[in-house]
Chemist: 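This is the structure I want to talk about, given as structure tokens.
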2 protein chains.
Amino acid sequence: MLDVAKVAGVSVATVSAVINSSAPVSPELRSRIEQAIGQIGYKRNAIARSLKLGTTRTVGLMVADITNPFFTDVVAVIQEVLHRAGYAVMLCCSDEDVILQDEQIALLIDRSVDGLIIAPAGDDETLKRMIAAASLPTVLIDRLCDGIDTDAVVLDNRRAVQDATRYMLGLGHRRIGYISGALDTSTGRERLSGYRAALEAAGLPFEESLIRIGNFREKDAYTAAIQLLTSPERPTGIFSANNLMVIGVMKAIRDIGLRCPDDVSVASFDDFPWADVFQPHLTTIAQPVQAIGEQAAQLVLDRLSGASPETPRRLVLQGRLVIRDSCRPVSLAQRAIA
Amino acid sequence: MLDVAKVAGVSVATVSAVINSSAPVSPELRSRIEQAIGQIGYKRNAIARSLKLGTTRTVGLMVADITNPFFTDVVAVIQEVLHRAGYAVMLCCSDEDVILQDEQIALLIDRSVDGLIIAPAGDDETLKRMIAAASLPTVLIDRLCDGIDTDAVVLDNRRAVQDATRYMLGLGHRRIGYISGALDTSTGRERLSGYRAALEAAGLPFEESLIRIGNFREKDAYTAAIQLLTSPERPTGIFSANNLMVIGVMKAIRDIGLRCPDDVSVASFDDFPWADVFQPHLTTIAQPVQAIGEQAAQLVLDRLSGASPETPRRLVLQGRLVIRDSCRPVSLAQRAIA
DNA sequence: CAGCCTAATCTAAACGTTTCGAGGCTGTCA
DNA sequence: TGACAGCCTCGAAACGTTTAGATTAGGCTG
């Protein structure tokens, strides 16, 4: 910029004024400066600018698992909306690990991001402290955390799972295995509570032995499903609390030598683009990923521009049960087993 | 930092010395300073540091489609390796769009990333110019660009597709439809050339009418497959040049009222974690995603630390044909049609 | 005891911007 | 003609670091 000023024979202040059109500059100087810029090939240094302005026009985005299609769909739309608004996105991934999560958040805050969008891997004190200390515009997505009182956009998890469970009950299933996400996540807890509520509404008992923790991971879900399927009273249906885990469940069913839906009915949280073309066509709960991403991005943009109310806004969206054919009415043979 | 210095009763230079252990400091002062840091809760400002040092410890990562599981797998490992090395990752996505790609690269360079890892959406002049002008450590992944002469890690696309095509030919298929990626990508061209080479080796003619461009996108591939399947001489097999497109192909087959593999055999580039549990079990070419990610990250890290040779390094990895059961020997009935 | 060396500490400049306040010029009005 | 307002332009400080080079103190040597 100093060079530009020299070439144009003006002061840096004037150059800055034309670049940011922050002050009136005579047409003559303006053109001289613009020409000098073109000649030198000058690009303003964003770092120096950030230092002076205290703003980076970057928002940190942290998801629990970059490999999960649900998150990538959401990331894609957030990315797009923020980019349109002139913000860059710094993406991190905690791999469902709280330690890693804290490291990454620290890294983002360290880099002075202007805002934060987080799908937390789990409640933890450090996270709370860091967010409070940083006091940045923050929005939680997918999952909430006790004690983090910020904007958020989440699903009505309880209701969605309640619907799905009611559907399975309606097909005559009485023993429905449940592969849960980690219970230190809000989604883990809420989804399970939906299952429980459906059972209760149907006047059925809640059996601990039908619940297994799959930690939202394929591998853990596989082990969990194997246990469920080899237990003395095998469930006639299994509900998986997310998309990654249902793959593990299906592998378990195959490895045990059973078939879905003939021997075991399966339903799952999160939809797949290929679900209605590969068999069994999975019955799932589809999340409005587009809306989630848009709203989250908008919430953070609103706060960034100071257009938000003081009190945190909490958006709750609804899932949609997509019935395909991975669930079947309970057969006589299955009844006999149970 | 000034505050810390005041509290500890020393100069900022000394504080800086203890923070970076860049100069010897007496134990007494060191502990006074450390205490002051704790008391104030001081965190060093990375922006100011970047300005002074001219380094951001951030690398830009740009992929063509964040929604594609192949890319997310690679992104996940790059992320992890770079994080371990103390670098942050700034992720962007071009959505297979050259214009968007240029915007995003400009944004990354503008933010002064220290290095760049790019899976280009396509050859284009602007990209070349920007990369040359920025003269940053750059590594291309998945796809090469004419005229961008940097480190790179790619697959032996030609050979992989040649293997797969030979396999289909071995099953008796003579009319194999080919859904191609965009031909302004190196992967688009190389994969197609593998198909062509296999045909040639088998002494069969290459028919333009069997080739359709699906642009690596599900939607375009769907349209392309519909055309192929409704043509007078319907192919008995279809090869899809990536994972997203094979979904479109399967949807087309279903919508036309055909079945895979009974009526049409299908094989595809890129593997899926669920491929051997949902039917039809897709025959695919699996890419070594872990290795691709690790090598790419390592290449950029090496250059960042100045440990690289002057000449660009080009790593070519091999794919692996995973035979499942979406391809079947050509039946008599199919022969009759053709 | 002067002179020197070493080790610890400090001062101040620099990185590339933005911006505040001051100053200069032009033109208008009394 | 002088006062004043308005518009441009500029100088310089500030953002929070790092670091080269100056300074100081203390110990050793001759």
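So you know, we letter chains A, B, ... as the sequences are listed, proteins then strands, and number each from 1.
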Chemist: Between A:S16 and A:V12 (side chain of the first, backbone of the second, donor and acceptor by atom type, cut-off under 3.5 Å), is there such a pair?
Modeler: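 No.
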Chemist: Contact boundaries of DNA chain D with chain B (under 4.0 Å, heavy atoms), 5' to 3'?
Modeler: D:dG16 to D:dT19
Chemist: At a heavy-atom distance below 4.0 Å, what parts of residues 45-56 of chain B sit against DNA chain C?
Modeler: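 Those residues are B:L51, B:K52.
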Chemist: For the helix from C:dC1-D:dG30 to C:dA30-D:dT1, what is the angle between the axes at its two ends, each from 5 pairs, rounded to 10°?
Modeler: 70°
Chemist: With A:V289 as reference, evaluate A:L317, A:D73, A:V77 under the side chain to side chain contact (heavy atoms under 4.5 Å, CB included) test and give the passing residue.
Modeler: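 Testing each of A:L317, A:D73, A:V77 against A:V289, the sole residue satisfying side chain to side chain contact (heavy atoms under 4.5 Å, CB included) is A:D73.
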Chemist: Heavy-atom contacts under 4.0 Å between residues 16-36 of chain B and DNA chain D, which residues?
Modeler: B:S16, B:N20
Chemist: With no hydrogens and no angle check, just 3.5 Å: does a side-chain donor-acceptor pair link A:Q39 and A:Q35?
Modeler: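 Their side chains do not contain a donor-acceptor pair, so the 3.5 Å distance test is not met.
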Chemist: Determine whether a donor-acceptor pair (N or O, by modelled atom type, separation under 3.5 Å) exists between the side chain of A:R143 and the backbone of A:T187.
Modeler: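 Side chain of A:R143 to backbone of A:T187: no pair is present.
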Chemist: Any sub-3.5 Å donor-acceptor pair from B:Q104's side-chain atoms to B:C93's backbone N or O?
Modeler: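 Present.
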Chemist: Side chains of B:D302 and B:Q298: is there a donor and an acceptor less than 3.5 Å apart?
Modeler: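 Side chains of B:D302 and B:Q298: pair found under 3.5 Å.
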Chemist: Does anything in residues 112-126 of chain B pair up under salt bridge (charged side-chain N to carboxylate O under 4.0 Å, His left out), and if so which pairs, sequence neighbours excluded?
Modeler: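 For residues 112-126 of chain B, and leaving out neighbouring residues, the salt bridge (charged side-chain N to carboxylate O under 4.0 Å, His left out) pairs sorted by first residue read B:E125-B:K128.
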Chemist: Measure from the side-chain N and O atoms of B:N20 to the backbone N and O of B:S22, and report whether any donor-acceptor pair falls under 3.5 Å.
Modeler: no
Chemist: Are a donor atom and an acceptor atom from the side chains of A:R111 and A:T56 found within less than 3.5 Å of each other?
Modeler: no
Chemist: Can you give me the closest heavy-atom contact between B:R217 and B:D95, atom names plus distance?
Modeler: NH1-O, 3.6 Å
Chemist: Run the side-chain donor-acceptor check on residues 146-155 of chain A: report pairs under 3.5 Å with partners two or more places apart or on a different chain.
Modeler:
| unit_1 | atom_1 | unit_2 | atom_2 | d |
| --- | --- | --- | --- | --- |
| A:D151 | OD1 | A:R303 | NH2 | 3.0 |
| A:D151 | OD1 | A:R313 | N | 2.7 |
| A:D151 | OD2 | A:R303 | NE | 2.7 |

Chemist: In plain terms, say whether B:R84 and B:E294 are close enough for a salt bridge, that is, a side-chain N and a carboxylate O under 4.0 Å apart.
Modeler: no
